[in-house]
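FYI, side chains are in, hydrogens and waters are out, and symmetry mates aren't considered; it's all heavy atoms of this structure. Chain identifiers are assigned alphabetically (A, B, ...) following the order of the sequence lines, protein sequences preceding nucleic acid strands; residue numbering begins at 1 within each chain. Only a predicted model underlies this, so the values are computations on that prediction, with no experimental measurement involved.
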Amino acid sequence: MPAPPRPSRAFFTRRTLVVARALLGCRLVHSDRDGTRVSGWIIETEAYIGPEDEGCHAHSGYTQRNANLWGPPGHAYVYFTYGMHWMFNIVTERAGFPAAVLIRALLPSEGVERMRRRRGGGRPDLTGGPAKICQALRIDRRLNGADLCLPSAEIWLERGRPFPPSTVTTGPRVGLNNVPEPWKTIPWRFRLDPRELPAPRGIPWARDP
DNA sequence: AGGACGATTAACT
DNA sequence: GTTAATCGTCCTG
């Protein structure tokens, strides 16, 4: 089996809303140190677009923390928040224009046994939130700025098949509690119906929210 | 040097 | 529905 094609630089060098929609159904893959793949299909994304977007970190200006937002497309923007959580974004558009797509949810695919977290109890939801994704795929500041297009990348994407518009829903972005309108409710969140994707084997609870 | 706050999560009532 | 956890980052002084 040849490796599935990876999105090219040009894939990310487009309008952020286009990229956010196109990322749905792609597989996000992390290679552990021993080469084991830990991955999931992207089912939820959010767009953060430019300095005018008051929900976007770029709105408060360039800092060391958010520098990668202004960087070249196809690189990771990883940041730390709430004193304990990492967030994984992919930079879009042209270098010099700050924009990115936040990866909000995955459907677990490979290496699920490595996604288990210390704190268990009940039925674990391993990749149903942006911080859970980072914990499951071991994403932290080491990967801030990583180029997802490099053949030698530790984390990368693999293209999925296209999905009809009827399988995708949109809505307001999550967690922008102190952000004014229209940015607070502008429908820049995208979700793919997980039933469009292969069923995870051996983890029947994986589809549950 | 100190304080406010966050693109969240889990565990509560 | 509410709230504690927990600390890097940014801003003020």
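With rounding to whole Å, A:F88 atom CZ is found 16 Å from B:dT9 atom P. Put simply, CD on A:E44 is 11 Å from P on B:dT8, counting in whole angstrom units.
Atom CG of A:D125 and atom CE of A:M115 lie 11.0 Å apart (nearest 0.5 Å).
Each salt bridge (charged side-chain N to carboxylate O under 4.0 Å, His left out) pair with one or both residues in residues 151-167 of chain A, not counting sequence neighbours, appears once here: A:R27-A:E158, A:R37-A:E158, A:R142-A:E154, A:R161-A:E196.
Here the side chain of A:D53 pairs no donor or acceptor atom with the backbone of A:G50 at under 3.5 angstrom.
Counting non-hydrogen atoms of neighbouring residues, nucleotides and ligands closer than 6.0 angstrom, the CD atom of A:E181 exceeds 12 such neighbours. No more than 12 heavy atoms of other residues, nucleotides or ligands sit less than 6.0 Å from atom CZ of A:R15.
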Atom pairs, protein N/O to nucleotides 1-3 of chain B N/O, distance under 3.5 Å:
none

For nucleotides 4-7 of chain B, give me every protein contact, N/O to N/O, under 3.5 Å, one pair per line with atom names.
residue, atom, partner, partner atom, Å
B:dG6, OP1, A:N178, ND2, 3.0
B:dG6, N2, A:Y82, N, 3.4
B:dG6, N2, A:G83, N, 3.3
B:dG6, N3, A:Y82, N, 3.3
B:dA7, OP1, A:H57, NE2, 2.5
B:dA7, N9, A:Y79, OH, 3.1
B:dA7, N7, A:G55, O, 3.4
B:dA7, N7, A:H57, NE2, 3.0
B:dA7, N1, A:N89, OD1, 2.6
B:dA7, N3, A:Y79, OH, 3.3

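For the side-chain hydrogen bond (donor to acceptor under 3.5 Å, both in side chains) test, residues two or more places apart in sequence or in another chain that qualify with A:E93 are A:T16. Applying the side-chain hydrogen bond (donor to acceptor under 3.5 Å, both in side chains) rule to A:E54 yields no partners; only residues at least two apart in sequence or on another chain are considered. A:T36 pairs by the side-chain hydrogen bond (donor to acceptor under 3.5 Å, both in side chains) definition with A:D34, A:R114, not counting sequence neighbours. Partners of A:A58 by side chain to side chain contact (heavy atoms under 4.5 Å, CB included), not counting sequence neighbours, listed by chain and number: A:C56, A:L69, A:W70, A:P98. With sequence neighbours excluded, the residues forming a side-chain hydrogen bond (donor to acceptor under 3.5 Å, both in side chains) with A:R189 are A:E44, listed by chain and number.
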Would you give me the side-chain donor-acceptor pairs under 3.5 Å for residues 5-13 of chain A, sequence neighbours excluded?
residue, atom, partner, partner atom, Å
A:R6, NH1, A:L150, O, 3.4
A:S8, OG, A:A10, N, 3.3
A:S8, OG, A:F11, N, 3.4
A:R9, NH1, A:P73, O, 3.0
A:R9, NH1, A:D147, OD1, 2.9
A:R9, NH2, A:D147, OD1, 3.2
A:R9, NH2, A:D147, OD2, 2.8
A:T13, OG1, A:R9, O, 2.8

Would you tabulate the side-chain donor-acceptor contacts of residues 74-88 of chain A under 3.5 Å, counting partners in other chains and residues two or more places apart, or write 'none'?
residue, atom, partner, partner atom, Å
A:H75, ND1, A:G145, O, 3.0
A:Y77, OH, A:H57, ND1, 2.7

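No contact: A:R189 has no heavy atom under 4.0 Å from any strand.
In the hydrophobic cluster analysis, where Ile, Leu, Val, Met, Phe, Trp and Tyr join through side-chain heavy atoms closer than 4.5 angstrom, A:L107 is grouped apart from A:W156.
Close approach of DNA chain C to chain A, defined as any atom under 4.0 Å from a non-hydrogen atom of the protein, starts and stops at C:dA5 to C:dC10.
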Nucleotide pairing, DNA chain B (Watson-Crick or G-U, distances under 3.5 Å), in dot-bracket with [ ] and | = ||||||.|||||.

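For the C1' atom pair drawn from C:dG1 and B:dA7, the interatomic distance equals 22 Å after rounding to whole Å.
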